[in-house]
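Please read the structure below before turning to the comments.
Order of the sequence lines sets the chain letters (A, B, ...), proteins ahead of strands, with each chain counted from 1.
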Protein chains: 2
Amino acid sequence: MIERHLMRLRARDDIGAAEEAAIRGAVSVIRPASPGTVLVRAGEEVDVSILLLSGVIARQKDLLDGRRQITELHVAGDFTDLHGFTLKRLDHDVVALSACSIALFPHRRIQEITEQHPHLGRVYWFLTNLDAAIHREWEVSLGRRTALERMAHLFCELQVRLKLVGLADDGGYALPLTQGAVAECLGLTTVHVNRTLKQLKDDGVAELRRGRLAIFDLASLRRVAGFDPAYLYLEKRNR
Amino acid sequence: MIERHLMRLRARDDIGAAEEAAIRGAVSVIRPASPGTVLVRAGEEVDVSILLLSGVIARQKDLLDGRRQITELHVAGDFTDLHGFTLKRLDHDVVALSACSIALFPHRRIQEITEQHPHLGRVYWFLTNLDAAIHREWEVSLGRRTALERMAHLFCELQVRLKLVGLADDGGYALPLTQGAVAECLGLTTVHVNRTLKQLKDDGVAELRRGRLAIFDLASLRRVAGFDPAYLYLEKRNR
DNA sequence: CGTGCCCTTGAGTACAATCAACGTTCGTGG
DNA sequence: CCACGAACGTTGATTGTACTCAAGGGCACG
C-alpha cells in the first residue's frame, strides 16, 4: 500500500521500525482519483498532504490567458504536496493526469512525527528539498535545453525515479500522459512535442505510445539529454 | 547584522525572544565576498549554510557546453543554501554577483534549533519551501512567459522581496547585476536582454542603469508581468 | 591613457509557435 | 456489433520571437 513510499525513503535513508510504524499510523483515507481530477486547487487552505500510491499526478500553474506550465510530475511513492505542511496553502494546482490511487496524510500527524521522530522529520524535510532540486533542473531544461534535450531529460528523470520504486527498467516504463501533458511539462506546444517524439523514435532512441515509454537505447537517451542524475540525490545518506 | 533576516522571518511569523537568541547564537563567522566568487561548488559536501547580509547571490547550474541557468536570486536576509542542511551537498553553485557580506550558520546549530525550538524548525523548513515556490514561478516564466513578461516578472518579484527587508520602494531598488546575469536568470541571451530592457524603458515602465532599477510605473510593471505575489507567501502565519 | 568588460545596435538565421486540416483511437449508446 | 462523436495524434505551410554573428561605443579601473 504505502510500500513504494517506504522503498523511496529507504533508498536514501535507514528507516527504523518505530519510524515505519509512525508513518503507517498516520495514513488515513485511501481513495481513487480519475484522470483530470483537481485534487488541490491553488490558494485553497490545506491540512492534509497527499501520498501518491499509483498513477501520475502533476503540479501545475495556470496564467490568466490559459497558458499552463506543469512544474513537477509525481509518481507512486511521492508526496504531491508535503510542502503544504509549512506553506498552509499551495501556489499551484495538484491534478491527476491518469487514474490514481492516493492516501491522505494529516498535517497534525506530520507535526507529531517531526517532534517525536526528529530524524524522520529531517527525512521529510529532505523530500521537500528534493522536489526543489527537481524544480531547479526543470528550470535549466526550460531555460537552456532544446526541445529534444528537454524531452530526453524528462524521460531519463522519470526512468530513474520509477526504477527506484520498482516501476521501470532500462527498457522503459508505463507513462500514461497525453502529448498535451508532455508539452505542459516541457514548455512546448503539442504540435512540437509530436514532432520531437517522432525525432526520438526515428533516431532509434525511444518511443511514447499507448501510455508506455519504450526506451530503445538508454545510453543514447542519456547522451541526448546530457543527463546527470546527481540532482536526484540517489546515494544513501547517514543519520 | 542579521537584522534583515529577522525582518524577513517576522514578516510571516512571530519569533520569540528565545528563538531570536538561538538564531543569534548560531551565527558564527561574518565575512565579505567579492563579485564572481563561487561560495559553494556543486557536488561539494557542506556543513554550514550561508546567510546573506548584503549584496546579491545566485544559485546557478551549468551545462557541459557552457550554457548556464540561474535558478534563483538571493538578497539580504536570505539563506542561500539552507537546503544544504538536509541535502548534504548542493546540485548547483552558489555565486556572489555583487560585493556581498555573508554569515555562516553551522548545520549542527540548525539541528539543535529544530530539536529545541520545533516552531523555529518549521519556520526554517518553510523558508526552503518558499525557495521551491520561487523556483516554480520561474519555471512558469521560463516555460510560458515572453521575454518582456519574464523580465517584468523578475523585477516585480525582487521589488516585493527587497521591500520586505526595507531595501526597495515603489520607485525602484539597487540591483547590481550585469545584463549577462539577467540573461542567465531569464533563459535569454545578453543581446535579447539588452533589447528587452530598451523596450521596458521606451514604454515608460522601468529602467536598469548603473546597478539600479528605476521603476517609472509599478502598476504598469505588474500589468506587463501579470504579477501575482501569492507565491511569495507574504501573509502572516499562525503558529 | 590604455585595456578590458560591459553595453548597444544591425543583419541574417533558426527553432519553435501558430494556423489549418486530416487521421486515428477509444468509449458510448443505439 | 456497429455508428458516432470526442479527444488525441499527425502532418504541412507559414510566421515570429529570440538566437547568432559581428562590430562599434562607453565607462571604469589600473
message: My understanding is that only one of A:D170, A:L158, A:L234 makes a side-chain contact (heavy atoms from CB on, under 4.5 Å) with A:K163; could you say which?
response: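 Exactly one option meets the side-chain contact (heavy atoms from CB on, under 4.5 Å) with A:K163, and it is A:D170.
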Rounded distance (Å) that lies between atom [atom2] of [N] and atom [atom1] of [X]:
| X | N | atom1 | atom2 | result |
| --- | --- | --- | --- | --- |
| A:L188 | D:dT17 | CG | C1' | 15 Å |
| B:M151 | D:dA18 | CE | C1' | 12 Å |
| B:R195 | D:dT20 | CZ | P | 12 Å |
| A:Q199 | C:dA14 | CD | C1' | 14 Å |
| A:R144 | D:dC19 | CZ | C1' | 11 Å |
| A:L197 | C:dA16 | CG | P | 14 Å |
| A:H192 | D:dG12 | NE2 | P | 15 Å |
| B:L186 | D:dT17 | CG | P | 17 Å |

- request: For the pair B:D62 (side chain) and B:L64 (backbone), establish whether a donor and an acceptor sit closer than 3.5 Å, ignoring hydrogens and angles.
  value: no
message: Considering every strand and a 4.0 Å limit on heavy-atom distances, what is the contact class for B:T146: base, sugar-phosphate, or nothing?
response: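 Sugar-phosphate contact only.
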- prompt: Hey, does B:G187 reach any base, or is it just sugar-phosphate, or nothing, if we go heavy atoms under 4.0 Å?
  reply: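 B:G187: backbone/sugar contact only, no base atoms under 4.0 Å.
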message: Go nucleotide by nucleotide along DNA chain C from the 5' end; which of A:V193 and B:G180 gets its closest nucleotide reached first?
response: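 It is B:G180, whose closest nucleotide lies nearer the 5' terminus.
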Charged tip of B:R161 within 45° of B:Y173 ring normal and under 6.0 Å: no
Considering only nitrogen or oxygen atoms on both sides, find all protein atoms under 3.5 Å from nucleotides 27-30 of chain D and state each distance.
none

- prompt: When you measure from the side chain of B:V191, which nucleotide among D:dA22, D:dG9, C:dC19 comes out closest?
  reply: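 In terms of side-chain proximity for B:V191, the closest of D:dA22, D:dG9, C:dC19 is D:dA22.
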Ion pair check, A:E45 and A:R89, cut-off under 4.0 Å: no
query: Any Lys/Arg nitrogen of B:K61 or A:E137 sitting under 4.0 Å from an Asp/Glu carboxylate oxygen of the other?
result: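 Between A:E137 and B:K61 there is a salt bridge, with a charged N closer than 4.0 Å to a carboxylate O.
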Phosphate contact ([N] OP1 or OP2) by [X] side-chain N/O below 4.0 Å:
| X | N | value |
| --- | --- | --- |
| B:N194 | C:dC7 | no |
| B:Q179 | C:dC5 | no |
| B:T189 | D:dA18 | no |

- prompt: Which of parallel (below 30°), tilted (30 to 60°) and perpendicular (above 60°) describes A:Y233 and A:F126?
  reply: perpendicular
- request: Please report the closest heavy-atom contact between B:R136 and B:N129, naming both atoms and the distance.
  value: NH2-O, 4.4 Å
